[in-house]
Amino acid sequence: MAKKVYVGLSGGVDSSVTAALLKRQGYEVIGVYMKNWSKDLPGFSCPWKADYQDAKRVAVQLNIPFKMYDFETQYRQKVVDYMINEYIAGRTPNPDIMCNQEVKFKLFLDTALSDGADLIATGHYARVVKPKTKNQKMGLFMAKDKVKDQTYFLYRMTEAALNKTLFPIGELKSKAEVRSLAKMFGLVTAHKKESMGICFVGKVGIRDFLVNELGPQETGSIIDQNDKIVGQHDGSIFYTIGQRHGLNTGGGLPYYVTAKDMHHNKVYVTTKLNDENLWQKQLKISDLHWINDGPNFKKIYQIRSRHRAPLIHAKLYKDSNSTLKILLEDEIKTISGGQSTVIYDNGMVLGGGIIY
RNA sequence: UUCGGGAUCGUCUAAUGGUAGGACACUGGGUUUUGGUCCCAGCAAUCUAGGUUCGAGCCCUAGUCCCGAAG
């Protein structure tokens with residue numbers, strides 16, 4: 001008897017093709033639209049209805065059952081509130097990593113399983129690799145298409161979730177192949193544009209989002225590497241380390257944010273591209289998460305601290321019981337606290353943590 | 001007050017008396033399931049009033065406003 005797979009249909013091309021491929025492979029496929037956010041914001045209308053309709057159309061085209069899970073309350077609590085609190089604390093969170101951890105591969109997984117699913121699937125560019133021997137565990141691996149790889153967002157998945165998850169898109173060579181499959185299957189989403197911005201919330205600027213949630217912020221000084229005030233900002237929570245635009249500060253050379261002082265509401269910048277505050281060779285991470293086993297401190301791993309950034313060789317050191325120090329082979333542009341560092345072992349995601 | 005120096009896109013700054021250019025910012029687009037980075041395009045200026053000159057950002061005169069030194 002065919003296994004039941006609940007596929008998260010977002011209304012985009014990737015998840016549509018996911019469902020189509022699984023059906024072709026002989027699974028009993030059920031499409032599910034997760035409604036996580038539906039609120040319109042000033043100057044921005046939430047695309048959830050259009051996305052829902054596209055998801056539904058795809059289900060009809062594939063002739064599979066379709067249902068909707070309403071996770072708005074939990075998404076608000078686990079993702080949006082977390083995100084807002086991080087910004088208030090002066091860090092820069094990654095809400096989509098939290099969404100994957102809490103919503104897609106926990107809430108959605110659990111709900112689907114209790115609905116009778118054997119497995120779930122999403123349109124992520126990643127691979128779940130089955131153990132070759134009995135001793136080996138289920139591993140999360142980078143997608144075949146290294147350019148589109150999305151494992152950076154998935155490193156907080158659990159082994160238990162991996163055991164129940166399929167990522168058929170991760171086996172494809174390229175986005176172009178996804179597109180052509182969508183065309184071949186005749187899916188309405190074949191030519192749909194990529195969606196960006198905070199997952200589910202859509203293409204609203206984080207700035208507008210925060211203003212809407214928290215109201216206008218207090219202005220403060222922008223201070224350069226010579227302790228000179230070079231401008232005024234409209235709220236230090238809006239800025240992130242490494243940021244260049246949005247400072248409204250001109251003068252020959254670009255200004256990059258090097259630090260924030262939330263207590264005094266100050267934003268520090270530099271025009272020196274080789275400024276020591278703009279580059280770092282060492283990272284400290286907390287909130288550690290390992291998919292299978294923890295790291296081997298003798299090994300050299302590859303790490304990534306930004307989506308799509310090149311992998312960098314690094315060694316891990318125990319910093320405390322709950323934190324880790326990472327020494328990088330090459331310098332990278334300084335990263336804000338709240339962002340994630342993901343540790344790879346030859347294409348396999350070992351785990352990672354949150355920079356502090 | 002006096003003596004020097006200066007005034008060019010929003011900002012920083014180029015232009016032997018001969019098409020006012022660049023950078024940053026900003027806006028738009030591209031890349032990107034966070035933030036951000038990066039790439040492309042666009043917008044945009046000679047302090048005012050006279051004068052010399054075929055022609056003035058540039059030379060001359062006056063004014064206005066800045067900055068430095070003398071009070």
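So that the names make sense, note that chain A is the first sequence line, chain B the second, and so on, each numbered from 1. All of these numbers come straight from a predicted model, not from anything done at the bench.
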From the list A/N292, A/D293, A/N163, side chain to side chain donor-acceptor pair (under 3.5 Å) with A/K137 holds only for A/D293

Look at all strands and tell whether A/Y255 reaches a base, only sugar-phosphate, or nothing, counting heavy atoms closer than 4.0 Å. nothing

Does the structure show a Watson-Crick or G-U wobble partner for B/A69, both distances under 3.5 Å? Name it, or say none. B/U2

Distance between P atoms of B/C58 and B/A20 (Å, rounded): 14 Å

Any A/R308 side-chain nitrogen or oxygen under 4.0 Å from OP1 or OP2 of B/G36: no

Tell me the interatomic distance from A/L273, atom CG, to B/C38, atom C1', rounded to whole angstroms. 12 Å

B/U37 OP1/OP2 closer than 4.0 Å to side-chain N/O of A/H245: yes

Expressed as a whole number of Å, how far does the P atom of B/U53 sit from that of B/U64? 28 Å

Would you kindly give the CG-to-P distance between A/L278 and B/U37, to the nearest whole Å? 11 Å

Who is the Watson-Crick or G-U wobble partner of B/A7, with both distances under 3.5 Å? B/U64

First of A/P93 and A/P254 reached from the 5' end of RNA chain B, by closest nucleotide: A/P254

I need the NZ-P distance between A/K333 and B/U37, as an integer number of Å. 9 Å

Provide, to the nearest angstrom, the distance between the CG atom belonging to A/L253 and the P atom belonging to B/A14. 14 Å

C1' atom, B/G63 versus B/G6: distance in rounded Å? 16 Å

Using atom P in both nucleotides, what's the gap between B/U8 and B/U1 to the nearest angstrom? 25 Å

Provide the Watson-Crick or G-U wobble partner of B/A41, both distances under 3.5 Å; none if there is no partner. B/U27

Please report the distance separating the P of B/G21 from the corresponding atom of B/C9, rounded so that it comes out in whole Å. 14 Å

Please state how far atom CG in A/N36 lies from atom C1' in B/U34, giving the value in whole angstrom units. 15 Å

Can you find an N or O donor on one side and an acceptor on the other, under 3.5 Å apart, linking the side chain of A/Q243 with the base of B/U37? no

I want to check a possible cation-pi pair here: A/R304 against A/Y152, using under 6.0 Å from ring centre and within 45° of the ring axis as the test. no

Spacing between A/I237 atom CD1 and B/G35 atom P, to the nearest angstrom: 15 Å

Any side-chain N or O of A/Y256 below 4.0 angstrom from OP1/OP2 of B/C38? yes

Tell me: NE2 of A/H307 to C1' of B/G36, nearest whole Å? 13 Å

Provide, to the nearest angstrom, the distance between the CZ atom belonging to A/R244 and the P atom belonging to B/C39. 7 Å

Between A/Y33 and A/S10, is any side-chain donor less than 3.5 angstrom from a side-chain acceptor? no

Counting the atoms with a prime plus P, OP1 and OP2 as sugar-phosphate, which does A/K175 contact under 4.0 Å by heavy atoms, base, sugar-phosphate, or nothing? nothing

Scan A/Y152 against the nucleic acid and name what it touches under 4.0 Å (heavy atoms): base, sugar-phosphate only, or nothing. base

If you measure from the P atom in B/U48 to the same atom in B/G57, how many Å do you get, rounded? 11 Å

Given the ring of A/Y256, does A/K333 sit roughly above its face, with NZ or CZ under 6.0 Å from the centre of the six-membered ring and within 45° of the axis? yes

Quick one: is the NZ or CZ of A/K148 closer than 6.0 Å to the six-membered ring centre of A/Y125, and within 45° of its axis? yes

Could you work out the separation of B/A44 and B/A23 based on their C1' atoms and round it to a whole Å? 14 Å

Using a 4.0 Å heavy-atom cut-off across all strands, classify A/Y239 as base, sugar-phosphate, or nothing. nothing

Base-pairing mate for B/A20 - Watson-Crick or G-U, with both contacts under 3.5 Å: none

I'd like the C1' distance from B/A49 over to B/C12, given in whole Å. 29 Å

Quick one: does A/P168's side chain get under 4.5 Å of A/L22's, heavy atoms only? yes

Option among A/H289, A/R91, A/R156 that satisfies the side chain to side chain contact (heavy atoms under 4.5 Å, CB included) test with A/I354: A/R156

